Amino acid sequence: MTKQRDILLTEVALRDGSHAIAHQFTVDQVLNVTKGLNDANVPYIEVAHGDGLAGSSVQYGLSKTNEMELIEAAASVADKSKIAVLILPGIGTLHELKEAASLGAKMARVATHVTEADVSRQHIAYAKELGMETVGFLMMAHMAPVEKLVEQAKLMESYGADTVYVVDSAGYLLPDQVRERIRALKQSVGVNVGFHAHNNLSLAMANTLAAIEEGATRIDGSVRCLGAGAGNTQTEVLVAVLERMGIETGVDLYKMMDLAENIVAPILQSPQEITKDSLTLGYAGVYSSFALHAKRAAKKFDIDSRDILIELGKRKVVGGQEDMIVDVAAEIAARKEKVLS
Amino acid sequence: MSKVKVAILGSGNIGTDLMIKLGRSEVLELTAVIGIDPDSDGLRRARELGYTAIDSGVDGFLQQPELADIVFDATSAKAHLYNAKVLQEAGKKVIDMTPAAIGPYVCAAVNMDEHLDKDNINLITCGGQATIPMVHAVNRVAPVEYAEIVATISSRSAGPGTRANIDEFTETTSRAIEKVGGAKKGKAIIILNPAEPPILMRDTIYTLVEEGKMDEESIRKSIQEMTDVVQSYVPGYRLRTEPFFDGNLVTVFVEVEGAGDYLPKYAGNLDIMTAAGVKVAEEFAKNVLAKQTV
């Protein structure tokens, strides 16, 4: 076995990346990516619909392949890596969690909006009962003051979370803001602290390093930036950076680079970059999975997608409210019509 | 016109809001509010308004069973299991506002008439009361293969009971979309939004109709008619925009503003439950009174 790991990485491309490709993963793609990650010794691999278990819907996008088949496929080839699943209470239920566990998922990441941790009690407790490792995932962490974040993280800890994550779902946080959040959590919870970034403002790496400096030991990344919006901290780059800093991840850099180049790049319809839409997500503080939906709505109503995203930010829309996109787009289009007539 | 006597079991937010609504009913006479905490705001208000306030729970009520013929149960799913049993033994009709669902699911605008003879009926969930009328409105003119609803409510209006068992909402609502709404397959999603000031309840209803059965004009008309029906007992229920049509997908956007009786106006999700409860009880009562006069 390898040396003691200082940081435990979770690869999220097969979950967060689902958003970037409109939930079109196939069993073959998941098998190939999982084999590569397992071979590169990545400790955790998250597999699910982008919005977590049971996320396949008209609201968020229907999955091409049933996620349970994807989870089963991933688990069948991961003999070193552990398969993780995401679940958002209100979307997924204990029923799906149980099914995922029976197919080989070993970690449950239970996600709520940063102020709503108490809806996760049931799911964290049940995942524990199923023998899974548990993570409390506090999304849209920029939308609450630090004290609130701490209070909510403590709730998740009290429900049995082994780790609590600060999740910058909008890619909005600046390094100092990440620093103060991780520092506050390290001072007040006894469990592991993790960080999940989005690269919408090109700050994913800087924010991740700030989090690690403050004591975060669980870090998410997406290979080739295959995640919502501009993607997450690019896993293979992070492995290289941490290696140079003398921080052990236990992950094989060359194998990660090969996986990124040969297996993951062809999955992407176009390379992940910071487009004007993803930049607007980070600038306005909007949930990263809204990007493709806003683009579609903008086309349908012949308006600028940035106007939709900015308006959604103003209205303090939270993760999961994709139905607001069309609603807001229709409103903007009607206003525009009025001005013109 | 004579009235039918009713009592409310549970003196929390729902029970107290019901109390205020029942004060306006022309066919129901509220006599008693039953709680377990004599100091609760609900029981205090009940006393102030001149109702009998019982603080010893359902057993206390059963010592004076003549107080009511219909009982609203606004306690909890767990408490309802016991309440339902003893109230049935005492020959009372029960309107179950909890997620226990011992009796059939009833959506006030859709299938109330089928269940007027039942001893115990269940009001599904707030999301169910708000969205199932629309699923039914589409389904009655174009068969619905799949219906999915997204209910977004303000964090402040989601009580500890809902939060501790949020799966109950998604599962009960999904099943009722099928059983009452008529969709072949149903799915429900709930989102809590903490924005201040609190947002009104919003619901988005997606229905996929059978291939070749899309009929925009009839669907539009059916949705409008159904909106009027729901509005007749929930005045703050409205369409946010015209329905959207895209292939065989119909999308309906609804907003529910509460009446602001006991609960604030943003809590349209709670208002639609209590309003539906009163509506169903009134129909029960009319049915009972009609039988008496025959």
Side-chain angles (χ1 to χ4, degrees), chain A residues 51-60 62 87-98 110 112-123 125-126 140 143-144 148 152 155 159 287 296-297 300-301 314-331 333-334, chain B residues 127 131 145-156 158-175 185-199 202-208 239-244 246-255:
Chain A
D51 290 272
L53 298 177
S56 177
S57 55
V58 177
Q59 169 87 346
Y60 305 124
L62 294 164
I87 178 166
L88 280 69
I91 302 175
T93 66
L94 303 186
H95 179 81
E96 286 88 29
L97 198 53
K98 188 177 179 186
V110 184
T112 74
H113 183 71
V114 60
T115 56
E116 313 298 317
D118 57 358
V119 298
S120 69
R121 179 202 288 263
Q122 197 182 17
H123 307 77
Y126 188 62
M140 298 292 270
M143 285 180 82
K148 187 75 186 175
Q152 299 291 302
L155 284 177
Y159 305 152
Y287 202 64
R296 265 181 244 134
K300 185 171 174 181
F301 291 92
K314 275 188 201 152
R315 296 199 190 176
K316 298 195 164 53
V317 164
V318 303
Q321 284 192 272
E322 266 81 343
D323 52 329
M324 278 294 279
I325 297 171
V326 171
D327 199 316
V328 162
E331 249 182 76
Chain B
T131 62
E145 290 278 349
Y146 172 79
E148 175 182 310
I149 71 98
V150 183
T152 306
I153 63 173
S154 67
S155 296
R156 276 176 184 251
T162 305
R163 288 170 176 276
N165 196 352
I166 204 156
D167 280 12
E168 227 159 40
F169 176 96
T170 38
E171 286 168 351
T172 303
T173 311
S174 306
R175 273 198 296 271
K185 175 134 188 56
K187 181 176 178 68
I189 293 171
I190 181 169
I191 295 164
L192 306 179
N193 180 311
E196 291 290 339
I199 57 158
R202 300 168 37 91
D203 300 280
T204 301
I205 302 104
Y206 302 104
T207 50
L208 286 167
L239 296 177
R240 282 178 58 83
T241 67
E242 284 287 299
F244 283 6
D246 185 3
N248 64 335
L249 173 68
V250 187
T251 308
V252 182
F253 297 98
V254 162
E255 177 173 88

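Bear in mind that the values here come from a model prediction, so they are computed numbers and not experimental data. Every chain is numbered from 1 and lettered A, B, ... according to where its sequence line falls, protein lines coming before strand lines.
For chain A, the nearby part of B/I191 is the side chain; its heavy atoms alone come within less than 4.5 Å. Heavy atoms closer than 4.5 Å to chain A are found in the backbone of B/A188, but not in its side chain. Only the side chain of A/E331 comes within less than 4.5 Å of a heavy atom in chain B; its backbone stays farther off. In this structure, chain B has no heavy atom under 4.5 Å from any part of A/A334. Neither the backbone nor the side chain of B/E196 comes within less than 4.5 Å of any heavy atom in chain A. Residue contact with chain B, scored on non-hydrogen atoms closer than 4.5 Å, involves the backbone of A/V317 exclusively.
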Step by step, work out the side chain to side chain contact (heavy atoms under 4.5 Å, CB included) result for B/R163 and A/E116.
CA-CA 9 Å; B/R163 288 170 176 276; A/E116 313 298 317; 2.9 Å; yes

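Rounding to the nearest 0.5 angstrom, the gap separating the OG1 atom in B/T204 from the CD atom in A/Q321 is 9.0 Å. Taking CG from B/L208 and CG from A/L62, the interatomic distance works out to 8.0 Å, rounded to the nearest 0.5 Å. Within the model, atoms CG of B/N165 and CG of A/L94 stand 8.0 Å from one another, a figure rounded to the nearest 0.5 Å. The line from CZ of B/F244 to CG of A/D327 is 7.5 Å long, rounded to the nearest 0.5 Å.
Your options are A/R121, A/Q59, A/K316, and the one with the most heavy-atom pairs under 4.5 Å with chain B is A/Q59. When each of B/F253, B/Y206, B/Y146 is scored by its heavy-atom pairs under 4.5 Å with chain A, the top score falls to B/Y206. No other option in B/I189, B/T162, B/T251 has as many heavy-atom pairs under 4.5 Å with chain A as B/I189.
The two residues B/E148 and A/V58 have their closest heavy-atom pair at OE1-N, 2.7 Å. Annotation for A/P89 and B/I166: closest pair CB-CG2, 3.8 Å, computed over non-hydrogen atoms. The minimum heavy-atom distance between B/P194 and A/V318, with the atom names listed, is CD-CG1, 3.7 Å. Contact between B/K187 and A/S57 at its shortest, heavy atoms only, is CE-CB, 3.9 Å.
Side-chain contact check for A/M324 versus B/R202: some heavy-atom pair is nearer than 4.5 Å.
Under the 3.5 Å distance criterion, with hydrogens and angles disregarded, a donor-acceptor pair is assigned to the side chains of A/H123 and B/D167.
Atom NZ of A/K300 is surrounded by more than 12 heavy atoms from other residues, nucleotides or ligands within 6.0 Å.
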